[in-house]
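Right, one structure below, let's go through it.
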Amino acid sequence: MTEASSRNGADQPTHRYTAELAQRIETAWQARWDAEGTFDAPNPAGALSDGFEAVADRPHLFVMDMFPYPSGAGLHVGHPLGYIGTDVYARFKRMCGFNVLYTLGYDAFGLPAEQHAIATGVHPRVNTEQNVANMRRQLHRLGLSHDRRRSIATTDEDYYRWTQWIFLQIFNSWYDSESGRARPISELEAQFASAERATPNGMPWAEMSSVQRRELIDQHRLAYLSEAPVNWCPGLGTILANEEVTAEGRSDIGNYPVFKRNMRQWVMRITSYADRLLDDLDRLDWPEPIKIMQRNWIGRSEGARVRFPSPAGAIEVFTTRPDTLFGATFMVLAPEHPLVKELTSERQRDEVQAYVRQAVSRTEVQRQEEGRDKTGVYLGTQATNPTTGQPIPIWVADYVLMGYGTGAIMAVPSGDQRDFEFARRFGLPIVATQMPPDDWFERHGIAPTVHCDTWPEAYIGEGRYVNSANESVSLDGDRTVSEAKAIINQWLEQHGHGMGTVTYKLRDWLFSRQRYWGEPFPIVYDETGLPIALPESQLPVTLPDLEDFKPQALEPDDDRTDPIPPLARATQWVEAELDLGDGPRHYRREINVMPQWAGSCWYELRYIDPVDDQAVVDPVNERYWMGPRQPGDTGGVDLYVGGVEHAVLHLLYARFWHKVLYDLGHVSSEEPFHRLFNQGYIQAHAYRDERGQTVEASEVVERDGRYFHGDSEVKREYGKMGKSLKNVVTPDEMYDSYGADTFRLYEMSMGPLDASRPWNTRDVVGMQRFLQRVWRLLIDEETGVTRVEDREVDAETLRVLHRTIDGVRADMDGLRFNTSIAKLIELTNHLMRSGSAPREVADPLVLMLAPLAPHLAEELWSRLGHETTLAHQLFPEADPAYLVDEQMEIGVSVNGKPRARVLVPAGADEAAHESAARADDRIATLLDGRPMRKVVVVPGRLVNFVVG
RNA sequence: GCCCGGGUGGCGGAAUGGCAGACGCGGACGACUCAAAAUCGUUUGGAGAAAUCCGUGCGGGUUCGACUCCCGCCCCGGGCACCA
């Protein structure tokens, strides 16, 4: 015992609700919940179905969090915000009679464990298991009501066996665009074999060699090998993410050169699902901003490919705005465009060559850094605008990138800001194709005109079409952009100048990593070098043990050799003798591993059936927990809570995998997560001294609005909680100083769950005081005796109680835990004024507190004489009789200014409202002698007199 | 530059278009204490002696009435970026 606590202990009442008592209560109840399996949710079928009959006719709910990466640093108080939120909700719903599936797993593959292993030589599994154990301990101490039988880690062999199994499902499928869904690859083979589907080069299936057949089929798989552009860093021996490459085109770590090159990689054909991923967003209960982000990421745009005749043949461009084609007054090629050389005139040769050389030597990042100053050079030749027949100059400029579209654009300066700036810079013509609305001109302070000389910028949007007609087509007049696109696309096709196309920003998903700590692919290669799927019976393909986990570093300038991933070192494992049905033969295993996303793409399914060794998930259990609730529903997890940083990648990848599994008939739900909720972040203040060094935030003191670390003044800033800012507060510190219930309550009371908020340890004590008041209300602090009275409750208290029940219920349902806490405090403060609690009020108070502060609530519930846990007690229901008052207090305003409050009987009519308002002395004085213009009466709310 | 959020007391925040500031922290005063801490009670947006006036980033608008709805701007946070 510390000095401080022993001193307090001596002076305080023996039975006060202190941190110490809270800890005793909390650990005792956690042990009991574990022993009794209080939060085990029965499945309808399989190993976890014990006790299902008892809940079979109840409603059910699947609540989950985005699972954590078990980092070595453990948790800080920012991490559990969402977990506490889901726990409160899960506990509340359980008390509303729901069978609730709620658990938490660990996303345990990934780079930090691997880097730790490289640095220390300790196997990543050892380190990962330690980290998982530590996080489990920290979270368990928080009292989360997880079904612990269902907690998985993505690194478990029993788990990644099924990750590999799903990979095989995807590998063994193709996307049938006729029916708009994935189908088994065998059905595609059958189509080729029966000649129902023609082979690309017309060669009959029967005459194709087995290698030719395999190559053809492999081109259609949803998981396929492809040359993909990557950032290759030979000095590190790995491929880097964009964010790991510096602006100078070198590696963040080690400062080695990085090369952009194509490399053979596993890729997933997510683009096949682009339209479904887009359309089904409309059927999901997700925050609108997240839907918008996904829509933007998928980036569907209807445009056209247009061919512009030129001296070197047709130049093909892609445009999203074919409706502005009449306004294309020049063309721009990327410096790398193959036709640049051919189209350059003799006179311009030197200038163009110099420009191209300079542009190509720059990284993409540098080209972007130049900001708004456009550069470019005229090639000296011209193409023809197919709509107007007019010659238009061809330029080369580095704002056009070879990697997008066709590497050439038609420039419509009146309708594209970059083209507009380029045209202004080089004095190129600008022709309007659409008339901006009047307010656009007004905003820019110019008179409406179709002549663009006065326009300060391009106009992008809807507008009456002008200058857009030739002998065979006219867009002129009022029509929407999409109508105009349809007309011009049809014209392009009819006249052989191009065709309408749909494009997406979304690209296929690069799925291989040159790492160690990830799922091995269930793939081997034979002498042809073509991939072969292992049969299900040979899963899991386990990771071989290694001593050294580093990828092999090469000469820093070697941009030709292929990467040598760590698994290449496991030569025994790589070179395998296997019987795949045609006798033992020699194969080479795939030495890449899957990305960290793989394990998180389907974990909701395994929560449902964590120990099933026959199937990824038993269809009966999947249908029960995730199946559509009504015809037309997508189905999916009822509530998925996590940070907004996963708005795009994780949520899109998981949706894609789920849809493949749906198409193949493995799940009944079309979407993994029906309702999504983004919790905010807990942020914290950090402090820097004069040298810009962060100092330990806990040692900083405030004096008169200034901050000091020791004697020196420090500057305060605000950011994410983390080691680098030295502002970490851990849950363990909170357990020690206040207990888990106070900590939970504080996090929930700080603000709405979806808002970010600053951590302030100083404020925590408020929630401890609240819990102390609840405790003191029911327990004598001196004797420890429970004091609850079987007496008549006064009418006012009943009204307060039932209003609280009504409000708290609604708040909990809407995840508004901050306001539900405020209501419970008000009820408690009301009861404290009379100094004691009648049983009729004590029981519901404790039950309402239970989701938020479950340990204290259980303890009080038990001391109130109840023998079983309150986890499944019914949440109190408000008696509507107490929700209506006999009298209503309404506001009285004069000219909109509140001037008085008066009482009117419940159900009073408008006239009664008005006369009650007029009867008030103050109001009468204010109205005296002034002409009445209008009287507004909102029954039960207010009366507003509008006077002259 | 574009997209998405958000600006309310000293601080975190509350408010179906209807009393702005619930609840908590902090502050002030008081009780208990030799004293302090802890706890409890009262009080606390600003100005003013008071009546009252002013107050939800700024400027307009709609409305009997705007923190809330509309238009324009400023600032902060997050994401994306010459994606045609």
Side-chain angles (χ1 to χ4, degrees), chain A residues 4 7-8 11-13 16 18 287-290 292-293 295-297 299 301 303 317-321 332 334 364 367-372 374 397-401 403-412 415-419 421-422 439 443 503-505 507 644-645 647-648 678 680-681 683 702 705 718-719 745-746 749-752 754-767 769-770 772-773 776 781 816 818-826 829 832 889-901 933-938 940-947:
Chain A
R7 196 175 60 210
N8 284 346
D11 290 2
Q12 280 182 3
R16 172 159 293 173
T18 58
E288 200 52 41
I290 303 292
I292 291 170
M293 283 192 235
R295 285 192 194 107
N296 290 345
W297 190 266
S301 65
V317 307
F318 172 76
T319 173
T320 53
R321 292 297 302 272
V332 187
E364 222 166 88
R367 271 159 78 163
Q368 291 165 24
E369 267 173 359
E370 294 202 20
R372 315 185 74 192
K374 296 281 179 290
D398 65 4
Y399 79 95
V400 175
L401 298 182
Y404 298 109
T406 62
I409 63 159
M410 65 174 212
V412 183
D416 181 291
Q417 187 58 23
R418 285 158 301 156
D419 298 346
E421 286 166 20
F422 195 83
D439 65 343
R443 204 173 327 129
T503 56
Y504 302 90
K505 243 160 82 173
R507 315 263 187 86
V644 72
E645 75 271 17
V648 179
N678 292 118
Y681 296 106
Q683 297 182 295
E702 182 188 343
Y718 184 58
L745 216 53
Y746 171 61
S749 71
M750 290 166 82
D754 56 1
S756 292
R757 68 293 296 273
W759 177 266
N760 212 337
T761 302
R762 195 178 67 178
D763 292 352
V764 179
V765 69
M767 290 302 118
R769 287 180 192 148
F770 164 50
Q772 281 177 339
R773 282 201 296 280
R776 194 176 321 117
E781 285 191 332
R816 294 184 300 269
N818 54 331
T819 48
S820 66
I821 291 169
K823 291 181 173 83
L824 288 171
I825 292 175
E826 283 180 283
N829 291 349
M832 285 304 278
E889 199 190 14
I890 62 162
V892 185
S893 310
V894 178
N895 287 347
K897 269 196 187 307
R899 295 296 184 181
R901 307 289 298 169
R933 293 239 172 95
K934 190 172 178 179
V935 179
V936 181
V937 178
V938 183
R941 283 278 179 196
L942 57 56
V943 178
N944 184 21
F945 295 104
V946 185
V947 295

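Below, each value reflects all heavy atoms present in this structure, side chains not excepted, and no hydrogens, waters or symmetry copies.
Counting any heavy atom pair closer than 4.0 Å across all strands shown, A:T819 reaches sugar-phosphate atoms only and no base atom. Residue contacts shown for A:N944 include a base, since a base heavy atom lies under 4.0 Å away. Using a 4.0 Å heavy-atom cutoff across all strands shown, A:D419 reaches no nucleic acid atom at all. Within 4.0 Å (heavy atoms only), A:R816 reaches no atom of the nucleic acid at all. Among the atoms of the strands shown, none is found under 4.0 Å from any heavy atom of A:R933. Counting any heavy atom pair closer than 4.0 Å across all strands shown, A:L942 reaches a base atom.
Rounded to the nearest Å, the gap between the C1' atom of B:A31 and that of B:A37 is 15 Å. Distance noted for atom C1' between B:G48 and B:G55: 15 Å (whole Å). Atom name P, nucleotides B:C54 and B:G59: the rounded distance is 15 Å, in whole Å. Comparing B:C53 with B:G57, their P atoms sit 22 Å apart, to the nearest whole Å. The gap from the C1' atom of B:G21 to that of B:U44 amounts to 12 Å, rounded to the nearest Å. Distance check on atom C1': B:C23 versus B:C34 gives 37 Å, rounded to whole Å. Rounded to the nearest Å, the gap between the P atom of B:G46 and that of B:C11 is 12 Å.
A sub-4.0 Å separation between OP1 or OP2 of B:A22 and a side-chain N or O of A:N818 is absent. Between A:R757 and B:C11, a side-chain N or O to OP1/OP2 separation shorter than 4.0 Å is absent. The phosphate of B:G26 has OP1 or OP2 within less than 4.0 Å of a side-chain N or O from A:R769.
We find that OH of A:Y746 is positioned 10 Å from C1' of B:C11, with the value rounded to whole Å. What separates CG of A:N760 from C1' of B:C25 is a distance of 8 Å, to the nearest Å. For the pair A:R901 CZ and B:G18 P, the computed distance is 13 Å after rounding to whole Å. Look at CD on A:E288: it is 14 Å from C1' on B:C3, rounded to the nearest Å. One interatomic measurement links the two molecules: CD of A:E421 to P of B:C2, which rounds to 11 Å at whole-angstrom precision. Atom CG in A:N678 sits roughly 14 Å away from atom P in B:G79 (whole-Å rounding). Atom-to-atom, CD of A:Q772 to P of B:C40 comes out at 7 Å; the value is rounded to the nearest Å. For the pair A:L824 CG and B:A14 C1', the computed distance is 15 Å after rounding to whole Å.
Between atom CG of residue A:L824 and atom OG1 of residue A:T819 there is a gap of 10.0 Å, rounded to the nearest 0.5 Å. The line from CE of A:M767 to CD1 of A:I825 is 4.0 Å long, rounded to the nearest 0.5 Å. A distance of 5.0 Å separates CZ of A:R776 from CE of A:M832, quoted to the nearest 0.5 Å.
Shown here are the side chain to side chain contact (heavy atoms under 4.5 Å, CB included) partners of A:N760, two or more places apart in sequence or in another chain: A:Y746, A:R762, A:D763. A search for ring pair (Phe, Tyr, Trp, His ring centres under 6.0 Å) contacts involving A:F422 returns A:F330, A:W395, A:Y399, A:F426, not counting sequence neighbours.
The pairing partner recorded for B:C29 is B:G41, the criterion being a Watson-Crick or G-U wobble arrangement whose two distances lie under 3.5 angstrom. Searching all strands for a Watson-Crick or G-U wobble partner of B:G65 with both distances below 3.5 Å returns nothing. Pair assignment for B:G72 gives B:C58, based on Watson-Crick or G-U wobble hydrogen-bonding distances that are each under 3.5 Å. The pairing partner recorded for B:G9 is none, the criterion being a Watson-Crick or G-U wobble arrangement whose two distances lie under 3.5 angstrom. Using the Watson-Crick or G-U wobble rule with both distances under 3.5 Å, B:G1 pairs with B:C80. For B:A47, the paired base is B:U52 (Watson-Crick or G-U wobble, both distances below 3.5 Å).
Minimum atom distance to the side chain of A:P898 is reached by B:C19, of the listed B:C19, B:G13, B:A84. Here the side chain of A:E826 is nearest to one of B:A38, B:G13, B:A22, namely B:A22. Each of B:C25, B:A84, B:C40 was ranked by its minimum atom distance to the side chain of A:V400; first place goes to B:A84.
For the residue pair A:T319 and A:M410, the shortest heavy atom distance occurs at OG1-CE, 3.7 Å. Nearest heavy-atom pair across A:V644 and A:I290 is CG2-CD1, 3.4 Å.
Looking at A:R941, its side chain comes within 3.5 Å of the base of B:U16 through a donor and an acceptor atom.
Comparing A:I292 and A:T319 against RNA chain B, the residue whose closest nucleotide sits nearer the 5' end is A:I292. A residue-by-residue look at A:V938 and A:S301 shows that A:V938 has its nearest nucleotide of RNA chain B further toward the 5' end.
Base orientation of B:G9: syn, since the glycosidic angle falls within 90° of 0.
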